[in-house]
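Note sheet for the following structure.
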Amino acid sequence: MYSVEQQALAQLVSAPDLAGDPGLAADFRRHHAETEQQAALVGDRLEAQGGAPSAIKDAIMKLGGKGFLAFALAQPETPGRLAVHAYSYEAMEWAGYEMLIRFAEAAGDVETVSMARGIRDEERAMMERLERGFDAAEKVSHGDTPPEEMSDHVRKHLAEAHALESQGIQLLSKSEKIAGDPRLAQICRRNLEKSRRHAQLIEQRLEELGTGPSSLKDNVLALGGLNWSFFFQAQSDTPAKLAAFAYAYEHLKIGGYELLLRTARRAGDAVTGNLCESLVTEERDMAESVAGAFDSAVQAALMAVRI
Ligand SMILES: [Fe+2]
Ligand SMILES: [Fe+2]
C-alpha cells in the first residue's frame, strides 16, 4: 500500500490541472493532501513492523504512475478519462486496504487495522466524490461538441468500451490460475462469461450504428491498457492482489459506462444510453461479487504463507 500511495501521489500532483472542472480539481487537491498523510501513516506502520519502504519497488511504481498520467495527458477528452481512471484507482486502494485490514487482523496488529480502516474510508469517500463528478467530467469532455458530431463520439467510446471488455476478458481468463481459492475462481469465471456477453452487446450496438466489428482495433494502448496490464503482471500474483485488481478493473468499466451513458443521452441516443445503464448495473453487481470474495481470497493467501 505504501507503493500504491506513492503512485497515487505521482498522479495527484497534476490531476487538479487536468480536471477541467473546478469541483473536480478541488476534489483532486483535497485528496492529494489526504494521500500525503496516508503515505506517511503507512510508511510509519511499515517502519514499526521492521520493514523499510523498498526503494526499488517505489521506483517501479512511480514509473508506472507517471506512465499512467502521461497517458491521460496524451488523450483527448482528458477530464472524462482522468475521472474514470482515478475512480478505478481509488477502488483499487479501497480494496487494498480491505485486504490489509484482514491481514493485519490475522497478525493481531491492531494499530495497522485501525490505520487501514481510516484510510479505507477516505478512499471510499473519494470514490463517492468522483461519482458525483461524473456529470461535470462528461460535460467538460463533450459540452462544446457540435450536436452533429456527438454520434461519432458515442461510436468511438463504444469501441473503447469494447476494448476494455476485451482486456478484462484476457485478465479474467488468466485469473483462474492465480485465484488459488475456489470461491474467487468461480466469481472470476462468472464475470468472464458476463464480460463476453457485454462485448457482444457492444458489438451489436456498434453494428446497428454502422460500425462493423472489423473496425474494432481493441488497441490496448487506446485505453492506457499498457499500464494496466503492466500493473496486473506486476501485482496480481496472489489471490488477494488478484481480487483487489479485479475489483479496480470492474470500476474502470463502471466509470466508463457511467460516462458513456451521459454522452449517449447528450447525443439523443436512448438505445445506447439504456444499454449503458444496464451494463453499469451489471458491472456493479460484478464488483460486489468480487468484494464478497475478499475474505476467502485473504484466507487463500494466508494458507499459501503457512504452507
Ligand atoms: Fe490512498
Ligand atoms: Fe486514494
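Quick note: numbers below take in every heavy atom, side chains included, and nothing from hydrogens, waters or symmetry partners. Whatever order the structure lists them in is the order used to number ligands and atoms, beginning at 1.
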So, [X] versus [Y]: side-chain donor-acceptor pair below 3.5 Å or not?
{"X": "E90", "Y": "H31", "value": "yes"}
{"X": "Y97", "Y": "E123", "value": "no"}
{"X": "E149", "Y": "H153", "value": "no"}

Lys/Arg N to Asp/Glu carboxylate O, R81 vs E160, below 4.0 Å: yes
Protein N/O/S atoms closer than 2.8 Å to the Fe ion (ligand 1), ordered by chain and number, come to E5 OE1, E5 OE2, Q38 OE1, E93 OE2, E123 OE2
In the hydrophobic clustering (ILVMFWY, side-chain contacts below 4.5 Å, transitive), which residues join V113, or is it alone? I101
Taking L261 as the starting point, is it possible to reach V154 by hopping between hydrophobic residues whose side chains are less than 4.5 Å apart? no
